[in-house]
S.K.: 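Can you read through this structure? Questions will come right after.
Each chain gets a letter, A, B and so on, in the order its sequence line appears, and its residues count up from 1.
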Amino acid sequence: MNTLFEFTKGMKPDSTSYCPGCTHGIAHRLIMEALCERGDLGRAIGVAPIGCSIVSHNYMNVDMCESTHGRAPAIASGIKRVHPGNIVFTYQGDGDLASIGTGEIIHAAHRGEHITTFFINNAIYGMTGGQMAPTTFIGQKTTTTAEGRTEKANGKPLRMSEMIATVGGAAYVERVALNSPSGVRKAKKAVLRALDVQDRKEGFSFVEFLSTCPTNWGLDPVASIEWVNTDMIPYYPLGNFKGMEG
Amino acid sequence: MDDRRLMKGNEAFAEAAIVSGCRYYFGYPITPQNELTEYMSRELPGAGGSFVQAESELAAVSMAYGAAAAGGRVLISSSSPGIALMQEGLSFLCSVDIPLVVLNVSRGGPGVGGIQPGQADYFQATRGGGNGDYHIIVYAPASIQESIDLMGKAYDVAEHYRNPVMLLVDGMLGQMMEPVSMPSRDAYALPEDVSAMKPWAITGHDNRRERNVVKSLRLKPDELEEAVEKRGAKYAAAEQELASYEAVDIESAEVVFVAFGSTSRIVKDAIGLLRADGVRAGMIRPISLWPFPERAFEQVPASAKAVISVELSMGQLIQDVRLAVNGRFPVELIHRTGGMLLTPEEVAARTMDILEVK
Amino acid sequence: MTKKFVRIDEAKCKGCNLCVSVCPKDKLISGKDTLNKAGYYAVTANDENICIGCLNCALMCPDGAISLYEE
């Protein structure tokens with residue numbers, strides 16, 4: 001009997017605490033598959049954010065620490081100073097990275113830290129119960145924008161990949177979507193490239209995953225994937241923003 | 001051979017950290033401690049270490065957490081408003097039992113305040129400016145030499161208790177120059193295997209052990225209570241083992257001053273002035289502010305007419321003095337604040353006023 | 001001729017149906033009408049010889065509940 005696909009040893013076998021259909025589970029798996037394939041599980045050190053995925057360290061089979069809200073890139077910078085030969089990554093949601101942690105993410109990129117950030121953009125705060133994030137869409141209803149986000153009151157959604165790509169120290173920036181099997185395959189390639197960029201000490205690497213939050217979007221998981229296609233991708237275009245030239 | 005040399009406080013603190021094995025420093029400019037940050041930027045790379053100028057104090061304390069959780073010996077420094085920003089990290093570091101040494105070269109407050117010396121961060125240091133049940137161990141050296149000596153001790157204590165330790169000095173000590181004996185950089189041998197010394201450190205599990213996870217979150221209240229109680233036992237041990245002070249002429253004193261840091265040196269001169277006027281004065285100088293050396297107050301003789309807290313703040317130290325005195329003696333306050341300093345003459349004159357009323 | 005088949009760890013399945021939505025074969029994976037231990041309507045894979053081994057289901061599973069084999 002040949003194995004065509006098995007759950008990666010990079011993940012603990014336990015069930016996650018994430019809601020049904022939440023694509024955190026796919027992103028976790030891809031990162032751990034990539035570390036496994038590279039033989040990096042033993043030298044990887046991860047930083048978990050504040051938000052739903054603070055518990056990612058329950059599932060990812062690598063040394064990890066929790067962070068204060070938004071500070072993961074600074075924490076990872078400190079870890080990397082002590083262990084420059086290790087693979088150091090942060091895993092952050094959009095409230096953590098694009099709101100309270102904008103200073104830390106921009107300056108980790110600015111210093112060209114040899115770390116990798118995996119950014120989960122699902123356009124909402126998950127753990128706290130569905131409040132508006134900087135990435136929330138105009139018109140999107142959240143618990144703090146009950147009538148929908150308006151540009152007048154809240155500004156336009158932040159495009160983090162585009163912003164980070166403008167920073168000198170960023171060596172690789174790519175946005176992918178966990179919206180289909182081919183999207184997942186592309187996301188895996190981006191994860192591998194980002195880790196490669198870190199290993200070659202080329203600078204800061206960043207992968208943004210367009211992700212779903214069925215619970216707080218009020219959609220079932222399959223309809224959530226469709227919303228990524230119809231609403232998210234037109235505003236958050238997929239592709240490479242830096243580091244694939246030539 | 002006399003190896004004494006003249007050093008500025010801020011530079012001596014930095015070198016003292018390096019000779020104590022510190023190889024990682026994360027800082028953000030703020031007066032009056034900038035010479036320390038600048039010294040580290042020059043010296044650490046050559047010492048096999050790493051210096052990062054952070055984008056904020058929040059980032060600096062976060063980088064320090066990362067480096068310390070990874071097993072490094074780390075120093076961060078700032079001054080009062082910057083230390084206020086670092087409270088998020090200090091509370092968190094306590095919650096994950098990670099050692100760190102923090103230096104506060106304090107200035108007048110509140111808010112932005114001024115840049116002249118102050119001691120108004122006493123509450124911030126000893127009560128904790130962050131959230132939750134925790135303590136920072138705090139030492140208050142009175143000279144540059146004592147700062148050097150306490151720096152080495154701070155690292156040992158931080159790693160033994162797995163808790164942040166703060167050296168609280170003021171801008172006066174940071175900016176003055178004094179002759180000091182500085183140990184050699186070879187005095188501390190860096191560990192070859194951090195994991196052996198700190199088995200909890202996140203170093204990468206190398207496929208040889210279970211993964212290490214440094215975690216603060218405990219959603220189940222019984223688990224959080226257990227963790228906090230366990231830390232409480234650690235703090236109870238620290239209170240027994242770490243309280244330290246210097247006693248100056250208190251056996252037959254009719255007035256006993258309590259003062260820490262640079263202010264204690266002004267008080268020593270005031271004691272001389274009072275003695276010349278026939279007043280027997282002594283001093284308790286807390287070296288550890290947390291834990292507070294309460295037992296020192298058992299030595300205050302029954303003949304004492306007053307215990308006087310002398311401080312560069314509106315009356316913060318005096319609260320611990322009152323708790324330690326516990327009603328046995330009248331407790332009085334002599335203070336200046338906002339960056340203004342006391343003179344020995346002013347302390348002596350105000351003491352005479354207090355004694356006259358008694 | 002090799003036979004490809006899907007194995008679903010029903011205890012880990014949360015019934016999100018993302019696998020069903022991307023499977024090119026009708027009726028290969030379908031929902032059950034009983035709850036698993038965690039309280040979800042897990043999916044199950046039938047044993048008919050229709051799986052083409054495209055991995056779509058496994059790639060989209062957020063819960064590591066799917067593996068594929070051939071024999």
S.K.: Just by distance, with hydrogens left out, do B/Ser77 and B/Tyr25 show a side-chain donor and acceptor under 3.5 Å apart?
M.R.: yes
S.K.: With salt bridge (Lys or Arg N to Asp or Glu O under 4.0 Å) as the test, would you mind laying out the steps for A/Asp40 and A/Arg43 before giving the verdict?
M.R.: CA-CA 5 Å; A/Asp40 283 344; A/Arg43 65 172 186 134; 2.9 Å; yes
S.K.: Answer with side chain, backbone, both or neither: which region of B/Ala69 has an atom nearer than 4.5 Å to a non-hydrogen atom of chain A?
M.R.: neither
S.K.: Who among A/Thr68, A/Asn86, A/Asp63 has the most heavy-atom pairs with chain B under 4.5 Å?
M.R.: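 Maximum pair count with chain B is reached by A/Asp63.
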S.K.: Heavy-atom pairs under 4.5 Å with chain B: which of A/Pro73, A/Cys65, A/Gly46 has the most?
M.R.: A/Cys65
S.K.: Is there a side-chain contact (heavy atoms from CB on, under 4.5 Å) between A/Asn61 and A/Lys9 once you walk through the steps?
M.R.: CA-CA 8 Å; A/Asn61 196 7; A/Lys9 298 273 185 289; 6.0 Å; no
S.K.: Among B/Ser50, B/Gly204, B/Ser216, single out the residue with the greatest number of heavy-atom pairs under 4.5 Å to chain A.
M.R.: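 Sorted descending by pairs with chain A, the first entry is B/Gly204.
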S.K.: In terms of heavy-atom pairs under 4.5 Å, which option from B/Glu55, B/Lys215, B/Gln53 contacts chain A the most?
M.R.: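 Greatest number of close heavy-atom pairs with chain A: B/Glu55.
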S.K.: Check each atom of B/Arg209 against the heavy atoms of chain A and say whether the ones under 4.5 Å are side chain, backbone, both or neither.
M.R.: side chain
S.K.: Does B/Arg218 come within less than 4.0 Å of B/Glu226, counting only side-chain N to carboxylate O?
M.R.: no
S.K.: Given that the side chain runs from C-beta out, which part of B/Val52 has a heavy atom under 4.5 Å from chain A: side chain, backbone, both or neither?
M.R.: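 Just its side chain gets close to chain A.
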S.K.: So does A/Arg159 pair up with A/Asp94, basic N to acidic O under 4.0 Å?
M.R.: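 Looking at A/Asp94 together with A/Arg159, the answer is no, because their closest N to O distance does not fall below 4.0 Å.
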S.K.: So that I can tick it off, tell me whether A/Lys189 and A/Glu174 are bridged by a salt bridge, with the cut-off set at under 4.0 angstrom between side-chain N and carboxylate O.
M.R.: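 No, this pair does not count.
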S.K.: Go through the atoms of B/Ser62 and report whether side chain, backbone, both or neither lie under 4.5 Å from a heavy atom of chain A.
M.R.: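 Both parts, backbone and side chain.
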S.K.: Give the member of A/Ile54, A/Ile106, A/Ile50, A/Val88 that has the highest number of heavy-atom pairs under 4.5 Å with chain B.
M.R.: A/Ile54
S.K.: Contact part of B/Ala68 toward chain A, heavy-atom cut-off under 4.5 Å: side chain, backbone, both or neither?
M.R.: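 Contact with chain A is absent: no heavy atom of B/Ala68 under 4.5 Å.
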S.K.: Look at A/Glu113 together with A/Arg81 and state whether they make a salt bridge at an N to O cut-off of under 4.0 Å.
M.R.: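 Here A/Glu113 pairs with A/Arg81 in a salt bridge, since their nearest N and O are under 4.0 Å apart.
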S.K.: Just give me the residue among B/Leu219, B/Leu217, B/Asp206, B/Asn207 that pairs up with chain A most often, heavy atom to heavy atom, under 4.5 Å.
M.R.: B/Leu217
S.K.: Taking A/Lys12 first and then B/Glu210, would you say they form a salt bridge - that is, a charged N and a carboxylate O separated by under 4.0 Å?
M.R.: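 Yes.
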S.K.: Please classify the contact between A/Ile45 and chain B as side chain, backbone, both or neither, with a heavy-atom cut-off of under 4.5 Å.
M.R.: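 Answer is side chain: those atoms of A/Ile45 sit under 4.5 Å from chain B.
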S.K.: Name the region of A/His83, side chain, backbone, both or neither, that has any atom closer than 4.5 Å to a heavy atom of chain B.
M.R.: side chain
S.K.: Determine the interplanar angle of the B/Trp290 and B/His135 rings, folded into 0 to 90°, and report it as parallel if under 30°, tilted if 30 to 60°, perpendicular if over 60°.
M.R.: parallel
